[in-house]
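Here is the structure we will look at, set down as structure tokens.
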Amino acid sequence: MSQPRFVFAVVALALWAAPALADLTWTAEVVPGEPTAQQRHPPPSIRVKVVGEPLPARETWGAFVLRHDPSDVKGLGGVKPTRAIPYHLSTEPLGLVVLVEGHEYYFGNDSYKQAQSCTDSPPAGAPPCKVAKVTPGVYGAIYGGLAALDTDDAIPTTVSSAGPPGSKGALIVYSTDAETRFEGPLTDLSADRLGDPQVQEGKTSRELVAGLRLAQQTLTRMGMRRKALLVFSDGFDASGGSAVAGIKRQLDDAGVEVFVFYPTYVTDYIPDDPATIRTSRAALDKLADGKVARVDDQDELRAAITEAVLALNSRYTLEFPGQTIDPRTRTKAGFVWDGREHPLQLLLGDEPIVNYVEPAGERPVVVLMAPRWGGAPAGGRWWLWLAIPAGLVALGLGAAARRRAPTSPPRPAIAPAASIGSIASIAAAPPNPVRTMMVNVTGGDGLPVVGWIVPIQGDRSFQTFKLQYGETRIGTTSDAHIVLGDGYMSTDHARIVMSPSGFTLVDNNSTNGTFANERRVQRHELVDNDLLMFGKTVCKFKTILGT
């Protein structure tokens, strides 16, 4: 292949990982400050995750600015990030499956078979001559692509290095069936796991759907929030491929990022039928939303794999301080830490990053600015955080004691009958549920309230999901803190906000709604034992005083 053609292919594939600035999306969450000997009550910081490009050079990411929306809070300047973390060094491990078609002629058999020829007039009594079909296939190109060595660049370029520490990988080969050749640490997923191509001799079926189902099950078993599937295939399926669309929906609901590689330089293993070829290519387009890398040789395949890995690493985290003070002017910049929700803006230089999320459109980033910080030092009114819950507990104990009191009527001189009736009616009335309140979250000297939700049906039944301080996002996308594989849920379905006043459930304008105790809600103050439903997944909300 000529050099200009190769350069054109690399540039075209680079579109996978080089979006325009307008294509970037971002989320933000609060990180409590770490106390030190010099500062017992440091300000919180804000962690921003940017999705849509690999970590740029320091002079670029250092130009980002995070600030309050000026229409909401005036008089405070924005702050610049103090740290940037590329995805491959983050704490969000990746689950990645490589799915390879193993049809004998697709793999190639020229390494162990020789072409034969037959004469037109075989000798009398001789068995009929059987011509062996020999094709080079794509095994060598796939092997070479998976065996490529990482470069010295800061961003990974190979499959085995695509994810952060703790990432898991698997390699599945499908033909007459689907089998797992490897499953374990992603760093151990190498080209050698493909095995010898001769193992595929005689396997001349293409069960693509079986391979996709096994890949999906494997990704679910890995249990990672971030998931990816790399498919090397011609797209033909022996069953007709009618189930591909359903599997694609399930992969989307689980937040799986799909990359497809279609070698075009070997075609004699595909039925020579234009309609079949069109159907096969359409199946691949459906799997990868049209982003199929069509390659002509091993060099192009390596370039395509590199771009897929770059796309997986097209995200990074920026850490912004909660407050800065100019040492020369003593001017403060940062955020208002008042325990309330505030919209924030992220800018690159003077240009705001518009957070556009499909299919909802533009969506502001609203962050709960808690814990409260910057007012009176913690400790001045810490006793209120203990006295209020203690008073509630005392009232509860008093009511319980009255319910346990002897039923024999007291002497009239002490308690008239009317009083007895009044007390009895109060004791018999069911107590109103008390909303969960935080205990001394500002000073850090008390016992925090811990909350979690527990699905009571579905494939994640009775798993416990602890709620984060600040905001916990619930949905089907890998960016959610709690990922539920429910086809009736939206990608960013709902969130639970934790603050000093308790836990609040907020629906994110989901398609099928969020329910609390069988009632559709937009916003709901949570109480212990509330039943919540996201899509068709029912969960129970639980809370307890932590230690």
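Below, each value reflects all heavy atoms present in this structure, side chains not excepted, and no hydrogens, waters or symmetry copies.
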- Message: When you compare the side chain of Leu347 with that of Leu66, does any pair of heavy atoms fall below 4.5 Å?
- Response: no

- Item | Within 6.0 Å of CZ in Arg213, more than 12 heavy atoms from elsewhere | no

- Message: Check Glu53 with Arg315, please: is the shortest side-chain N to carboxylate O separation under 4.0 Å?
- Response: no

- Message: Using only atom types and a distance under 3.5 Å, with no angle test, would you say the side chain of Thr543 pairs donor to acceptor with the backbone of Val450?
- Response: yes

- Query: Are Arg67 and Phe320 in a cation-pi setup, meaning NZ or CZ lies under 6.0 angstrom from the ring centre and within 45 degrees of the ring axis?
  - Reply: no

- Is the closest basic N to carboxylate O distance between Glu29 and Lys49 below 4.0 Å? no

- Query: Heavy atoms, side chains only, cut-off 4.5 Å: are Arg47 and Val31 in contact?
  - Reply: yes

- Message: With a 3.5 Å distance limit and no angle check, can you tell me whether Thr476 reaches the backbone of Asp253 through a side-chain donor-acceptor pair?
- Response: yes

- Query: Is there side-chain contact between Ile172 and Val100, with at least one heavy-atom pair below 4.5 Å?
  - Reply: no

- Would you find a donor on one side and an acceptor on the other, under 3.5 Å apart, between the side chain of Asp72 and the backbone of His342? no

- Query: Between Met369 and Val336, what is the shortest heavy-atom contact and its length?
  - Reply: CB-O, 3.2 Å

- Message: Around atom CZ of Phe182, are there more than 12 heavy atoms from other residues, nucleotides or ligands closer than 6.0 Å?
- Response: yes

- Tell me yes or no: between the side chains of Ser71 and Asp69, is some donor less than 3.5 Å from an acceptor? yes

- Message: Please check this pair: side chain of Gln522 against backbone of Asp507, looking for a donor-acceptor N/O pair closer than 3.5 Å.
- Response: yes

- Do Thr158 and Val309 touch side chain to side chain, with heavy atoms closer than 4.5 Å? no

- Query: Rounded to the nearest 0.5 Å, how far does CG of Leu212 lie from CG of Leu99?
  - Reply: 5.5 Å

- Message: Any side-chain to backbone donor/acceptor pair from Arg363 onto Asn508? Under 3.5 Å, distance only.
- Response: no

- Query: Once the angle between the rings of His68 and Phe335 is folded into 0 to 90°, is it parallel (under 30°), tilted (30 to 60°) or perpendicular (over 60°)?
  - Reply: perpendicular

- Decide side chain to side chain contact (heavy atoms under 4.5 Å, CB included) for Arg495 and His481; before the verdict, give the C-alpha distance in whole Å, the side-chain angles of both, and the deciding distance to 0.1 Å. CA-CA 9 Å; Arg495 67 186 189 273; His481 296 110; over 6 Å; no

- Taking all atoms of both residues into account, what is the closest heavy-atom pair of Pro164 and Pro93, and its distance? CD-CA, 4.1 Å

- Task: Report yes or no: does Trp61 contribute a side-chain atom to a donor-acceptor pair with the main-chain N or O of Leu318 at less than 3.5 Å?
- Result: no

- Query: So how far is it from Leu171 CG to Thr218 OG1, rounded to the nearest 0.5 Å?
  - Reply: 10.5 Å

- Taking the six-membered ring for Trp and the full ring for Phe, Tyr or His, determine whether the centres of Tyr316 and Tyr87 are under 6.0 Å apart. no

- Side chains of Glu307 and Ile305 in contact at under 4.5 Å (non-hydrogen atoms): no

- Query: Does Ser314 use its side chain to pair, donor to acceptor, with the backbone of Leu310 at less than 3.5 Å?
  - Reply: yes

- Show your working on side chain to side chain contact (heavy atoms under 4.5 Å, CB included) between Thr504 and Val506 and close with a plain yes or no. CA-CA 6 Å; Thr504 303; Val506 181; 4.1 Å; yes

- Between the CZ atom in Phe465 and the CD1 atom in Ile482, the distance rounded to the nearest 0.5 Å is 6.5 Å

- Within a strict 4.5 Å, meaning less than it, do heavy atoms of the Val367 and Glu471 side chains meet? no

- Query: For the residue pair Gly475 and Ala480, what are the closest heavy atoms and their distance?
  - Reply: N-CB, 3.6 Å

- Query: Between the main-chain N or O of Leu526 and the side-chain N or O of Asp530, is there a donor-acceptor pair closer than 3.5 Å?
  - Reply: no

- Distance col, row Glu341:CD vs Asp338:CG, nearest 0.5 angstrom, shows 10.5 Å

- Straight-line distance of Ile85 CD1 to Thr91 OG1, nearest 0.5 Å: 7.5 Å

- Taking NZ, NE, NH1 and NH2 as the nitrogens, is one of them in Lys248 or Asp252 under 4.0 Å from a carboxylate oxygen of the other? yes

- Query: Any luck finding a side-chain donor-acceptor pair between Glu319 and Thr82 under 3.5 Å?
  - Reply: no

- Note: Ala215 and Val97 closest approach over all heavy atoms is CB-CG1, 3.9 Å

- Task: Ignoring hydrogens and angles, tell me if any N or O in the side chain of Ser233 forms a donor-acceptor pair with the backbone of Gly235 under 3.5 Å.
- Result: yes

- So OG1 of Thr514 and CZ of Arg523: to nearest 0.5 Å the spacing works out to 13.0 Å

- Query: Are Glu183 and Arg221 close enough for a salt bridge, meaning some N to O gap below 4.0 Å?
  - Reply: yes

- Can you tell if the side chain of Phe64 reaches within under 4.5 Å of the side chain of Leu346, non-hydrogen atoms only? yes

- For side chain to side chain contact (heavy atoms under 4.5 Å, CB included), just list the numbers for Val454 and Gln463, CA-CA rounded to whole Å, side-chain angles, deciding distance to a tenth of an Å, and then say yes or no. CA-CA 6 Å; Val454 183; Gln463 295 186 34; over 6 Å; no

- Of all heavy-atom pairs between Phe515 and Arg520, which one has the smallest distance, and what is that distance? CD2-N, 3.3 Å

- Task: For the pair Ser490 (side chain) and Asp492 (backbone), establish whether a donor and an acceptor sit closer than 3.5 Å, ignoring hydrogens and angles.
- Result: no

- After noting the C-alpha distance and the side-chain angles of Ile474 and Ile496, does the key distance pass the side chain to side chain contact (heavy atoms under 4.5 Å, CB included) rule? CA-CA 8 Å; Ile474 304 167; Ile496 295 177; 4.0 Å; yes

- With Phe232 as reference, evaluate Phe261, Tyr174, Tyr262 under the ring-ring contact (aromatic ring centres under 6.0 Å, His included) test and give the passing residue. Phe261

- Query: Does a donor on one side chain and an acceptor on the other come within less than 3.5 Å for Thr331 and Asp326?
  - Reply: no

- Quick one: does Leu219's side chain get under 4.5 Å of Val256's, heavy atoms only? yes

- Contact summary for Pro455 and Cys539, nearest pair of heavy atoms: CA-SG, 3.8 Å

